[in-house]
Participant: 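Dumping the structure here so I can ask a few things about it.
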Amino acid sequence: MIRRAGRPGLLGTMARTAVIAGTAGAVNRSMNRAAQGREQTQADAEAYRQQQAAPAAPAAAGGDDVIAKLSQLGQLHASGVLTDDEFAAAKAKLLA
């Protein structure tokens, strides 16, 4: 059978369209997830900055409050919101 050269047939066009649409959908989902991650990181950092700017109230429960704040600092550091230097400074301020 002699194959015709030139434009692809209907089946070839449909396959190409399906591949392009699938790729576009995957890229779109990936970009949306990355944007949501950036927004969450910025919101966490802003909440931390506001918390640091607020005057510190004396701890009513004693050590439990300090432990909770240290745990929160550790989580922020582990998630990448705080750098090593910021974490060390905040921890020293909390323990002082």
Participant: Any idea which heavy atoms bring E86 and V81 closest together, and the distance?
Facilitator: OE1-O, 3.9 Å
Participant: Which atom names give the shortest non-hydrogen contact between T83 and H77, and what distance separates them?
Facilitator: O-CD2, 3.7 Å
Participant: For A90 and L73, which heavy atoms make the closest approach, and how far apart are they?
Facilitator: CB-CD2, 3.8 Å
Participant: So does G37 get a backbone contact from the side chain of T41, meaning a donor-acceptor N/O pair under 3.5 Å?
Facilitator: yes
Participant: Is the side chain of S79 donor-acceptor paired with the backbone N or O of Q75 at a distance under 3.5 Å, no angle test?
Facilitator: yes
Participant: Consider only side-chain N and O atoms of Q36 and N32, and report whether a donor and an acceptor are under 3.5 Å apart.
Facilitator: no
Participant: Are L76 and L95 co-members of a hydrophobic cluster defined by side-chain heavy atoms under 4.5 Å apart?
Facilitator: yes
Participant: Let me confirm one number: the CZ-CG distance from R33 to N28, rounded to the nearest 0.5 Å.
Facilitator: 10.0 Å
